[in-house]
Amino acid sequence: MPDNGWPADRIDTEHAHSARIYDYILGGKDYYPADKEAGDAMAHEWPALPVHMRANRDWMNRAVRWLAEKGGMRQFLDIGTGIPTSPNLHEIAQSVAPESRVVYVDNDPIVLTLSQGLLSSTPEGRTAYIEADFQDPETVLGSPEFLETLDLSQPVALTVIAIVHFVLDEDDAVGIVRRLLEPLPSGSYLAMTIATAEFAPEEVGRVAREYAARDMPMRLRTIDEAQEFFEGLELVEPGIVQVHKWQPDGSGEQDIRDEDIAMYGAIARKP
C-alpha cells in the first residue's frame, strides 16, 4: 500500500483488525496481509460472507437515505465508522440535504489516518471525526467535535452499524447504546445492525471462531436480544428484520437467500 504519512507506529499490521477485514471483503485496498489471511479463512468457512457484508453496507445506504428523506434528519452521529468507503454516510445524507452535519466516531488509528475522506463536507454542511472508543460514551458526548458540530436542541440520528457484536455481555452493549441515545432529544432516531447466527448457525459459528482465534471474540444475538436495544422506542416499518428485508429498493435484495445474511437491521424513533 502507498505511504500516505500514516502513523505507522500506531497501526498494528501484524494482527488482523475487524475494520480492515471488512474493507478487504468489500474489495477495498486499506488492509494488510494479516487481514487478507483472516478474510480468506472466514470466507472459506462461510462462502456467503461477502454477500452478507455487502448487504450490511447496502442497508446503511438505504437507512441513511431514509433518515434524511423521510425522517427529516439533518444531524448524524455515526459510531464505529470503519474505513471510508464511498459513498460514505455524509455523502448520502448531504446528497439529500446538503446542510447535513455528521460526526464520525472510531478508535482504529488507520481510520483516523484515512479520515480526510470522511471530512469532505459540502459547504452548507459539516463533518467531524472523533477518535474514541464507543464503549466510553461520555468521552464521545463530551468531545469538542461533538459539541461544536451537533445541536442538541434538534434531533440527531444515532447510527450503530455492525459493531455491537464485538461487545461482550460483561461490557453491556445495550447500556452503552442507551447512554449514547440518552442526551439526544425527542424525535431523534436509532439505526442499528445487529449480528445473529439464527439463520446459519453452523456457518456463522465457524466465522465467529475465526474472529475469536484472532482475539476478536463476538457476541451474536437472537431476535429477542436484538429487541432489547429498541425498548422504549418506536420502530419504523418493517421493524427488526434481516438487513436485506428492510425496505428493499429492488437493487438485488430479492436474490439474496435468508441463510446468507447474519445481520438484523432496524430504525426506531425516540419519542
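Hydrogens, waters and symmetry mates play no part in the numbers below; they use all other heavy atoms, side chains included.
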Listed partners of His52 passing side chain to side chain donor-acceptor pair (under 3.5 Å), at least two apart: none
Salt bridge present between Arg54 and Asp58 (N-O < 4.0 angstrom): no
Which residues share a salt bridge (Lys or Arg N to Asp or Glu O under 4.0 Å) with Glu210, sequence neighbours left out: Arg214
Salt-bridge contact Glu253-Arg62 (side-chain N to carboxylate O under 4.0 Å): yes
Within residues 181-195 or reaching into it, pairs that qualify as salt bridge (Lys or Arg N to Asp or Glu O under 4.0 Å) - sequence neighbours excluded: none
Closest non-hydrogen atom pair, Ile261 against Val51: CD1-O, 4.2 Å
Tyr24 versus Asp30, side-chain donor and acceptor atoms under 3.5 Å: no
Trp59/Tyr264 aromatic ring centres below 6.0 Å: no
Side chains of Tyr22 and Asn56, donor plus acceptor under 3.5 Å: yes
Heavy-atom closest pair, residues Val140 and Ser143: O-OG, 2.9 Å
Partner set under salt bridge (Lys or Arg N to Asp or Glu O under 4.0 Å) for Glu231, not counting sequence neighbours: Arg178
Tyr32 backbone acceptor or donor facing Asp35 side chain under 3.5 Å: yes
Results of side chain to side chain donor-acceptor pair (under 3.5 Å) for Ser188 - residues two or more places apart only: none
Under the side chain to side chain contact (heavy atoms under 4.5 Å, CB included) test, residues paired with Val96 that sit two or more places apart: Arg65, Ala68, Glu69
Set of residues satisfying side chain to side chain donor-acceptor pair (under 3.5 Å) with respect to Asn61, sequence neighbours excluded: none
Residue pairs, two or more places apart or on separate chains, that pass side chain to side chain donor-acceptor pair (under 3.5 Å) and touch residues 166-177: Asp169-Arg219
Donor-acceptor under 3.5 Å (Asp260 side chain, Ala48 main chain): no
Main-chain N/O of Ala157 paired to Gln75 side chain as donor or acceptor, under 3.5 Å: no
Residue list, salt bridge (Lys or Arg N to Asp or Glu O under 4.0 Å) with Glu228, at least two apart or on another chain: none
Pair Asp258 + Lys245, salt bridge at N-O below 4.0 Å: yes
Side-chain donor/acceptor of Gln94 to backbone N/O of Thr122, under 3.5 Å: yes
For Ala34 against Glu14, the heavy-atom pair lying closest together: CB-O, 3.6 Å
Partners passing ring-ring contact (aromatic ring centres under 6.0 Å, His included) against Phe134 (at least two apart in sequence or in another chain): none
Side-chain donor-acceptor contact under 3.5 Å, Ser251 with Asp249: yes
Test side chain to side chain donor-acceptor pair (under 3.5 Å) applied to Tyr104 - qualifying residues, sequence neighbours left out: His90
Salt bridge (Lys or Arg N to Asp or Glu O under 4.0 Å) partners for Lys70, two or more places apart: none
